[in-house]
Amino acid sequence: MNNQQEIATPDNIASDKVRSQALKVGTTKWLAHAALFTAIALLLKVIGQIGTLSDNFKLSPIYTVWLLSAAMLGPIGGMTVCFISDLLIALVFPTGVFNPFITIVWTLYGLTAGLIFKYFPVKSYTVKLVVSGVICAVLFTFILDSLAIWGWCKYYLNLKSYFGNGKNAVFGVYMLTRLLQLLVALANIPVAVALLPALNKLRLLPPLKRQKGE
């Protein structure tokens, strides 16, 4: 027989796996998944609006989708999903005066989560997601989002809607009212982690890079 059968080597298998898992920015597949995550995020944003218990406390599952979109689509995809979903929900289902600083904060949330997931030097999807989730929850949900709301109301809207001392409440006092929202954001992390095996099985996550010496 003159026909020779190609032998599957480890390098070939690894190469195939990398090609199947890599979603390049701007491709049809990347855009389709970005649109899907945005649609899911919008739906969960609406659920979060329904689950609003106070100005500073929402039972929202949106952080799960944002983290997974950043993990799967990278920093550009993460920030795109966060930006579009937050902007549209603010315009379509407004709960008050539009605050552009909040949209900026959530856009940076997706960007940062994607960068951490992509470059954090650990060969574990779970560790990458937990680290990005914790850092983003503390930095954006707790600190910067609080600052965006507090600053906008205090200096632009002149509202007296602050715990304790009205509009003159210090930022530290206001942040205490945001502790429950931080817990909600952190509670989304194990949910996102639980969905990682399904995404990995579907080869929708980027390949884990080999470390030096391996």
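Residues: numbered from 1 along the sequence shown.
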Output, in order, the C-alpha distance, side-chain angles, deciding distance and verdict of side chain to side chain contact (heavy atoms under 4.5 Å, CB included) for Leu87 and Phe83. CA-CA 6 Å; Leu87 180 62; Phe83 171 76; 3.8 Å; yes

What class does the angle between the rings of Phe117 and Tyr125 fall in, given that below 30° is parallel, 30 to 60° is tilted and above 60° is perpendicular? parallel

As an exercise, state the distance from [atom1] of [X] to [atom2] of [Y], rounded to the nearest 0.5 Å.
X	Y	atom1	atom2	answer
Ile149	Leu144	CD1	CG	11.5 Å
Ile84	Thr103	CD1	OG1	12.0 Å
Leu196	Leu68	CG	CG	6.0 Å
Lys118	Leu73	NZ	CG	12.0 Å
Leu202	Met72	CG	CE	9.5 Å
Phe37	Cys82	CZ	SG	11.0 Å

Heavy-atom pair with the smallest gap, counting every atom of [X] and [Y]:
X	Y	answer
Ile116	Val131	CG2-CG1, 4.0 Å
Ala137	Tyr109	N-CE1, 4.4 Å
Ala148	Val105	CB-CG2, 4.2 Å
Ala71	Leu129	CB-CD1, 4.5 Å
Asn188	Ile62	OD1-N, 4.0 Å
Val184	Tyr63	CG1-CE1, 4.2 Å

Residue pair [X] / [Y], side-chain heavy-atom distance below 4.5 Å:
X	Y	answer
Met79	Thr112	no
Asp86	Thr107	no
Trp106	Leu111	no
Ile40	Val81	no
Leu183	Leu179	no

Sub-3.5 Å donor-acceptor pair from the side chain of Arg178 to the main-chain atoms of Asp145, do we have one?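 No; zero donor-acceptor contacts below 3.5 Å.
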
Distance-only, no hydrogens or angles: does the Lys128 side chain make a donor-acceptor pair with backbone N or O of Phe120 under 3.5 Å? yes

Within a 6.0 Å radius of atom CZ on Phe142, are there more than 12 heavy atoms belonging to other residues, nucleotides or ligands?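 Count over threshold, so yes.
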
CG (Leu31) with more than 12 external heavy atoms under 6.0 Å: yes

Going only through I, L, V, M, F, W and Y residues with side-chain contacts under 4.5 Å, is there a path from Val191 to Leu43? no

Just by distance, no angles: are the side chains of Trp66 and Ser85 close enough, under 3.5 Å, to form a donor-acceptor pair? yes

